[in-house]
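Notes follow the structure.
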Amino acid sequence: MANMKNTKNPMPTLDAKLRASCFDEVATGYDEATALDEAARCLNCKKPLCVDGCPVKIHIPEFISKVKEGDFEGAYQIINQSSSLPAVCGRVCPQETQCESKCIRGIKGEPVGIGRLERFVADWHNTYCAEAPVKPEANGHKVAVVGSGPSGLTCAGDLAKLGYSVTVFEALHTAGGVLVYGIPEFRLPKAIVAKEVETLRALGVDIKTNIIIGKTLTIDELFEEGYEAVFVGSGAGLPRFMGIPGESLKGVYSANEFLTRSNLMKAYRDGSATPIMKAKKVAVVGGGNVAMDAARTALRLGADKVYIVYRRSLDELPARREEVEHAMEEGIEFKLLTNPTKILGYRNEEDKRDPMNGFVCGMECVEMELGEPDEGGRRSPIVKEGSEFVLDVDCVIMSIGTSPNPLIKDTTDGLDVNRRGGIIVEEETGLTSRDGVYAGGDAVTGAATVILAMGAGKTAAKAIHEKING
Amino acid sequence: MYRIVRKKVLNSSVIMMDIEAPYVARKAQAGQFIILRADSEGERIPLTVAGYDREEGTVKIIFQTVGASTMKLGALSEGDFIPDFAGPLGRATETEGLKKVAVVGGGVGCAIALPVAEKLHSEGCEVHSIIGFRNRDLVILEDEFRACSDKLIMVTDDGSYGEKGVVTSPLKALIDSGEKYDRIIAIGPLVMMKFVVATAKPYGIPTVVSMNPIMIDGTGMCGGCRLTVGGKTKFACVDGPEFDGYLVDFDEAMERSTMYHSHEAAEREKVCNLFKQN
């Protein structure tokens, strides 16, 4: 019998007060009883629209059917056919705009908690099935993957399962890309990322850290070394700044820097060698998932007050709903329809050696209102006359996007990029303007989501397989 | 893992190491930098390449043990391994077409200036080197500079070796005496580079400086190493580390470089105490 309750089983979370002072994972996950109850809400549609909403086309009704039967490992094996990183996706995918947005149960009530079930299944597998996957038989072909973020790991995983000898080149000292340097521990524990990476290694994927493609080696040299195809998943690049006065003051970070210090370099731990400013009043400028991560990290590092400063309204906020809700519960204040115009720095004119000189002491802002929708249907914000005010902060974190990293395009002849610097690809295959070179993820789209990057890695893996073995 | 093939103490606080890193050695050029970590919990330390041996597959680094991380690195011995060594990063020094160049180095910055001087010398350029130190005990690489310079002027702050004073005085004297430089390349403390630029400007001699801001990933991701150059935000890791000295906002760079001074002092204290106990 289907469970006809109109609401999802809520995701258990740590108490908001408690979690705001530590880096423990906020969402604690379904237990078996809750998972069985939630799975029973799935009607197992003949034409499952949810699958269309999934960028990697997980066979959703099939895996949920297995959950209903209590065959959690069976459910995992079904997810695993389509996704290389289920424990990650179950945590960070914006399901409300993807699979769950298409769920038939969402018409009368809330959709089935597909993401929560996916996470439950992946965590169950990681807890109870320690067996390493069987390494497939080699097919004798070599493929190189640039970057070990979500698109690279997915592409590598799919090709490895087909028997390719895959080498992943990672610029940093740890594999995982944005999953390691960007997304904080309280949202995606690093042990989970490490586990997914280990699974890929067990499949035979060779991950070489400390190699920067475009510097240590070029794409052309990879072909000289015998790789038959190259997938570029080098991720988003340099952070954007607003171009307002004061962005070079001490206490102004890009979200990338702030999060990298905390996540990759473990500055959140006591005794870490890498410093991070423990600010008391922090403004995070921007409204995406990265902004939410930065704001909630600042709070956990001991800030008394954290603002999200966003120039549009709550409806336009691009962050995943759950992150916004969690941020609000934790006490982060949303300054919506607000735009910074200048960052103010402390300057003691009488004492040039005052150690506080050059540190942030406030941020001038204006209020905004939404004008008519533009061609894209998005209402653009307009400054409200005479609405200037100063926000009292000692740290500003800019989280307004990135522009693609130039290292690969600068060293690869014939690789076409668009006007924003993103690599141009054929949508159906991920093929670039260079024969044998494929690309996907933020390097192509600019800052987007983990699952879209994974979808692109998957598309490219399929195309590479068809080219080499087709 | 990357092996420390050779280690040499150059003065009381400056250490030279050759690190086995064949991929980096194959590509490294003067002016570029590497990023290393001395232990698996360590900071990412950016260091400009001080030399390389492509056949041996080693890269030379020279560093001052100023903070906790460099002290830990300095405590390692020949034959030890470090977990991470990535590069070469940044752009190489542009030397094409230069006929006569003044290379100005200050302190440990001389370690980075040396491969630049050597490269210029090997390409047939006339090299005048002016290298400055606080005192005689801190002088490094004098013989190496002598070997690649048509003229070498040694300077110390206290006059205990070579000329007394700062590097800008002999630089100005050389220019005033009629030496015609195509370019000045200055590598050293920010304040030194700022004054080299100020010295060169009235004569209109193009001046290149090597910036060494706070950096984390070094690959064009975090944006921590940003500088204002010609009124625009530039990133030392991918746009530099060398920039047109006339355009660099040195005052801003100097202020930003002090962001973590209190943290650094505390960390240094901790490591010092640790070494004292052992």
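Every chain is numbered from 1 and lettered A, B, ... according to where its sequence line falls, protein lines coming before strand lines.
In this structure, CD1 in A/Ile212 is found 10.5 Å from NZ in B/Lys27, a value given to the nearest 0.5 Å. With values rounded to the nearest 0.5 angstrom, A/Phe241 atom CZ is found 3.5 Å from B/Arg226 atom CZ. Interatomic distance, A/Thr209 OG1 to B/Phe85 CZ, rounded to the nearest 0.5 Å: 14.0 Å. For the atom pair CD1 of A/Ile276 and OH of B/Tyr260, the computed distance is 6.5 Å after rounding to the nearest 0.5 Å. Rounded to the nearest 0.5 Å, atoms SG (B/Cys222) and CZ (A/Arg261) are 7.0 Å apart.
A salt bridge links B/Glu255 with A/Arg347: at least one charged nitrogen is closer than 4.0 Å to a carboxylate oxygen.
Ranked by heavy-atom pairs shorter than 4.5 Å toward chain A, the options B/Ser262, B/Gly87, B/Ala68 are led by B/Gly87. Interface summary for chain A: among B/Val24, B/Val238, B/Ile216, B/Asp217, the most heavy-atom pairs under 4.5 angstrom belong to B/Ile216. Residue with the most contacts toward chain A among B/Lys72, B/Gln32, B/Arg26, B/Arg256: B/Arg256 (heavy-atom pairs, distance under 4.5 Å). Your options are A/Leu172, A/Asn256, A/Leu238, and the one with the most heavy-atom pairs under 4.5 Å with chain B is A/Leu238.
Contacts with chain B (heavy atom to heavy atom, under 4.5 Å) involve these residues of residues 176-184 of chain A, listed by number: A/Tyr181. Listed by sequence position, A/Lys215, A/Thr216, A/Leu217, A/Thr218, A/Glu221 are the residues of residues 214-223 of chain A in contact with chain B, using a 4.5 angstrom heavy-atom cutoff.
B/Arg91 has its side chain within reach of A/Asp410: a pair of non-hydrogen atoms, C-beta onward, lies under 4.5 Å apart. Side-chain contact check for A/Arg269 versus B/Glu41: some heavy-atom pair is nearer than 4.5 Å. Taking the side chain as every heavy atom from C-beta outward, B/Met221 and A/Pro239 never approach each other to under 4.5 Å.
Only the side chain of A/Leu407 comes within less than 4.5 Å of a heavy atom of chain B; its backbone N, CA, C and O stay farther away. Proximity to chain A is limited to the side chain of B/Phe235, based on heavy atoms less than 4.5 angstrom apart. Proximity to chain B is limited to the backbone of A/Ser272, based on heavy atoms less than 4.5 angstrom apart. Contact annotation for B/Arg37: only side-chain heavy atoms (C-beta onward) come within less than 4.5 Å of a heavy atom of chain A. Heavy-atom distances place both the backbone and the side chain of A/Met277 under 4.5 Å from chain B. Contact of B/Ser40 with chain A is not made at all, since no heavy-atom distance falls under 4.5 Å. For B/Ile214, the part sitting under 4.5 Å from any heavy atom of chain A is the side chain, from C-beta outward, and nothing else.
More than 12 heavy atoms of other residues, nucleotides or ligands sit less than 6.0 Å from atom NZ of A/Lys195. No more than 12 heavy atoms of other residues, nucleotides or ligands sit less than 6.0 Å from atom CZ of B/Arg134. Counting non-hydrogen atoms of neighbouring residues, nucleotides and ligands closer than 6.0 angstrom, the CD atom of A/Glu225 exceeds 12 such neighbours. No more than 12 heavy atoms of other residues, nucleotides or ligands sit less than 6.0 Å from atom CZ of B/Phe195. Few gaps surround NZ on A/Lys190; more than 12 heavy atoms of other groups in view lie less than 6.0 Å from it.
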Steps toward side-chain contact (heavy atoms from CB on, under 4.5 Å) verdict (B/Tyr23, A/Asn210): CA-CA 10 Å; B/Tyr23 273 122; A/Asn210 294 322; over 6 Å; no

Test log, rule side-chain contact (heavy atoms from CB on, under 4.5 Å), inputs A/Glu247 and B/Thr233: CA-CA 9 Å; A/Glu247 287 183 304; B/Thr233 297; 5.7 Å; no

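Counted by atom type alone, A/Ser248 and B/Glu252 present one or more donor-acceptor pairs between their side chains at under 3.5 Å.
Side chain of A/Asn405 to backbone of B/Thr219: a donor-acceptor contact under 3.5 angstrom is found.
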